[in-house]
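Written below as structure tokens is the structure these notes are about.
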Amino acid sequence: MNKKRSLNRRIIAYVSVFVALIAVLIIINQLSNNVNSNADNPYQKPYNQLNPETVKLLKDENYQNIILPAQLDQKLSNKESGFVYFFAATCPHCRATTPMLSPLANELKVELPKYNLDEFQEGWRKYNIQYTPTLVYFKDGKEVERIEGGYAEDGTGGHSKQTFTDFLNKYKGL
């Protein structure tokens with residue numbers, strides 16, 4: 001009888017420890033997802049749901065000022081004017097253009113919100129984006145003009161820095 005009780009106690013102890021370990025792992029996983037979901041990324045989605053290429057850009061100063069779809073919708077429905085830079089974290093042309101364009105926008109004192117099409121794919125259709133990168137100017141909530149395609153230092157196979165400078169200057173005061 002004592003052997004049965006001792007065996008039962010051991011089984012209960014092992015099961016209790018096992019259940020406690022599983023509970024601790026679940027809690028740690030939840031905390032990890034909550035901490036990573038918004039604390040270090042502006043996308044308002046759990047860190048583990050972001051494209052790996054987006055994750056690489058989270059701390060890159062050239063890929064800050066992210067605009068979310070709801071924010072862009074609000075700006076446009078409020079008939080606001082401004083630029084939006086549509087990019088994809090997986091796009092090599094964006095990787096060449098953004099490090100030139102972000103500092104240029106700062107230098108010209110132009111706000112340049114960035115819309116990541118890898119994370120918010122509805123933007124492809126909604127804003128008729130054919131190529132990345134695409135820089136769009138909206139006036140009173142309506143598209144006025146866009147530059148499609150990336151930067152090429154020599155201007156061949158892409159746009160020159162001067163093309164982007166002229167485009168930003170053309171609309172920055174409006």
First locate atom NZ of K75, then atom CD1 of I67, and finally report the distance between them rounded to the nearest 0.5 Å. 5.0 Å
Are any of the side-chain heavy atoms of F86 and L72 separated by less than 4.5 Å? yes
Minimum heavy-atom distance D118-A88, with the two atoms named: OD2-C, 3.4 Å
Assess, by modelled atom type and distance only, whether the side chains of Y85 and T98 contain a donor and an acceptor separated by less than 3.5 Å. yes
Are any non-hydrogen side-chain atoms of K161 and F164 less than 4.5 angstrom apart? no
How close do Q71 and I66 get, counting heavy atoms only, and between which atoms? OE1-O, 3.9 Å
For Y137, does the six-membered ring have the charged nitrogen or CZ of K172 within the cation-pi criterion, i.e. under 6.0 angstrom from the centroid and within 45° of the normal? no
Could you give me the CA-CA distance, side-chain angles and deciding distance for R146 and Y131, then say whether side-chain contact (heavy atoms from CB on, under 4.5 Å) is met? CA-CA 11 Å; R146 66 174 54 196; Y131 309 99; over 6 Å; no
Return the minimal non-hydrogen interatomic distance between T132 and C91, and the atom names on each side. OG1-SG, 3.2 Å
Answer yes or no: is there a side-chain heavy-atom contact under 4.5 Å between Y151 and L101? no
Salt bridge (Lys or Arg N to Asp or Glu O under 4.0 Å) contacts in which one or both residues fall within residues 122-131, not counting sequence neighbours: D73-K126
Of all heavy-atom pairs linking N116 and A89, the shortest is OD1-N, 3.8 Å
Check whether T97 reaches the backbone of H93 with its side chain - one donor and one acceptor, N or O, closer than 3.5 Å. yes
Please walk me through it: do V55 and L57 pass side-chain contact (heavy atoms from CB on, under 4.5 Å)? CA-CA 5 Å; V55 172; L57 299 177; over 6 Å; no
Test log, rule side-chain contact (heavy atoms from CB on, under 4.5 Å), inputs L58 and L50: CA-CA 10 Å; L58 287 174; L50 294 174; 4.2 Å; yes
Would you tell me whether N62 and Q64 have side-chain atoms, one donor and one acceptor, within less than 3.5 Å of each other? no
Go through R95 and E53 one step at a time and tell me if the salt bridge (charged side-chain N to carboxylate O under 4.0 Å, His left out) criterion holds. CA-CA 11 Å; R95 296 278 182 115; E53 294 303 312; 2.8 Å; yes
Distance-only, no hydrogens or angles: does the K45 side chain make a donor-acceptor pair with backbone N or O of E119 under 3.5 Å? yes
Just how far is it from atom CG of L112 to atom OG of S102, taken to the nearest 0.5 Å? 6.0 Å
Which pair of non-hydrogen atoms, one from K114 and one from F87, has the smallest distance, and what is that distance? CB-CE2, 3.7 Å
Apply the test side-chain contact (heavy atoms from CB on, under 4.5 Å) to residues K170 and E145: give CA-CA distance (whole Å), side-chain angles for both, the deciding distance (0.1 Å), then the verdict. CA-CA 11 Å; K170 181 177 181 179; E145 189 176 354; 3.0 Å; yes
Cut-off 3.5 Å, side chains only: do E143 and Y127 have a donor facing an acceptor? no
Going through the distances and angles, do T134 and E148 end up as a side chain to side chain donor-acceptor pair (under 3.5 Å)? CA-CA 4 Å; T134 296; E148 293 180 321; 4.7 Å; no
Which heavy atom of C94 sits nearest to which heavy atom of P99, and what is that distance? O-CD, 4.0 Å
Measuring from atom CG of N169 to atom CG of L108, what distance do you get when rounded to the nearest 0.5 angstrom? 5.0 Å
More than 12 non-hydrogen atoms from neighbouring residues, nucleotides or ligands closer than 6.0 Å to CD on E61, yes or no? no
Rounded distance (nearest 0.5 Å) linking atom NZ of K56 with atom OG1 of T90: 11.0 Å
F138 and F83: CA distance, side-chain angles, deciding distance, ring pair (Phe, Tyr, Trp, His ring centres under 6.0 Å) verdict: CA-CA 6 Å; F138 294 95; F83 297 96; 9.6 Å; no
